[in-house]
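Worksheet: the structure to be examined is printed underneath.
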Amino acid sequence: MSSEKTIPSAALALGAAGVIPFLACTAGLAAGFAVPGIGGGARLSQALIVYGVAILSFLGGVRWGIAMGYESEAAQRRDFVIAVIPALIGWGAALLAPGAALWTLCVAFILLGLMDYGLYCRDVAAEWYGRLRLGLSAAVAVLLGVAAAAA
């Protein structure tokens, strides 16, 4: 798997598009603006938290799907457990005050990005997936950190 180095254009484009809500809400929060159809301040924080939880859950699902292909039952069980943790952390974050929720999501994206890069290092995912996850996670973590500071 690790020989696959080129990020497929669809994965890159869709991954980048997935950063747009993080960027729009963070920009609105940092600048003190309202986003049409959403609002400003607390509504932008709420939209950012909800989207962050959804994406963490999605990424957990990706990891679950990868684990389904493992031959080792012990490795499969381990990664099934790991796959559920992002959704649980996201849910817990959603129960916190906005600033704390955004910082929690920021840390969760950093850790999950590193763990997903580890899938490439363990040779269970393509190199491009590891690089894509690191890049997207870094972008999202920076945006969430800025949003948390502005919340």
Side-chain angles (χ1 to χ4, degrees), residues 2 5 7-68 75 77-151:
S2 61
K5 295 182 181 193
I7 299 173
S9 57
L12 184 58
L14 293 169
V19 176
I20 292 171
F22 289 107
L23 181 61
C25 291
T26 298
L29 272 171
F33 294 141
V35 174
I38 297 174
R43 291 288 292 155
L44 283 175
S45 292
Q46 179 185 22
L48 195 51
I49 292 164
V50 168
Y51 187 65
V53 171
I55 297 302
L56 278 178
S57 297
F58 169 80
L59 293 171
V62 170
R63 190 172 193 97
W64 183 285
I66 291 170
M68 287 179 10
R77 186 174 27 257
R78 178 199 62 229
D79 275 13
F80 283 161
V81 170
I82 292 170
V84 174
I85 293 171
L88 294 174
I89 290 172
W91 174 76
L95 300 175
L96 301 173
L102 292 167
W103 281 121
T104 300
L105 293 173
C106 176
V107 170
F109 274 96
I110 291 168
L111 294 175
L112 189 57
L114 292 171
M115 291 178 72
D116 283 352
Y117 184 76
L119 292 172
Y120 153 65
C121 295
R122 289 183 10 229
D123 208 27
V124 296
E127 180 179 351
W128 70 260
Y129 181 72
R131 290 188 299 109
L132 178 67
R133 288 290 299 114
L134 277 182
L136 292 174
S137 291
V140 168
V142 167
L143 290 167
L144 287 170
V146 170

Listed once per pair and sorted, the salt bridge (Lys or Arg N to Asp or Glu O under 4.0 Å) pairs that draw on residues 138-151, sequence neighbours left out: none

Using the test side-chain hydrogen bond (donor to acceptor under 3.5 Å, both in side chains), find all partners of Arg78 that sit at least two apart in sequence or belong to another chain. none

Cut-off 3.5 Å, no hydrogens considered: what does the side-chain donor-acceptor table look like for residues 107-114, sequence neighbours left out?
none

In terms of heavy-atom contacts, Val124 and Ile66 come closest through O-CG2, 3.8 Å

When every non-hydrogen atom of Cys106 is compared with those of Ala141, the smallest separation belongs to SG-O, 3.3 Å

Can you pull out every side-chain hydrogen bond (donor to acceptor under 3.5 Å, both in side chains) where at least one residue sits in residues 18-37? Sequence neighbours excluded, please. none

To the nearest 0.5 Å, what is the distance between CG on Leu29 and CG on Leu48? 6.5 Å

What closest approach, in Å, do Val62 and Tyr129 show between heavy atoms, and which atom pair accounts for it? CG1-OH, 3.2 Å

So do the side chains of Tyr51 and Phe22 get within less than 4.5 Å of each other, counting heavy atoms only? yes

Just list the side-chain donor-acceptor pairs under 3.5 Å for residues 79-104, sequence neighbours left out, or say none.
unit_1	atom_1	unit_2	atom_2	d
Asp79	OD2	Tyr70	OH	2.5
Asp79	OD2	Arg122	NH2	3.1
Thr104	OG1	Ala100	O	2.8

Residues pairing under salt bridge (Lys or Arg N to Asp or Glu O under 4.0 Å) where one sits in residues 87-116, two or more places apart or in two chains, turn out to be Arg63-Asp116, Asp116-Arg133

Where is the tightest heavy-atom contact between Leu136 and Gly15, given as atom of each residue plus distance? CD2-O, 3.5 Å

What distance separates Ile7 CD1 from Leu12 CG, expressed to the nearest 0.5 Å? 5.5 Å

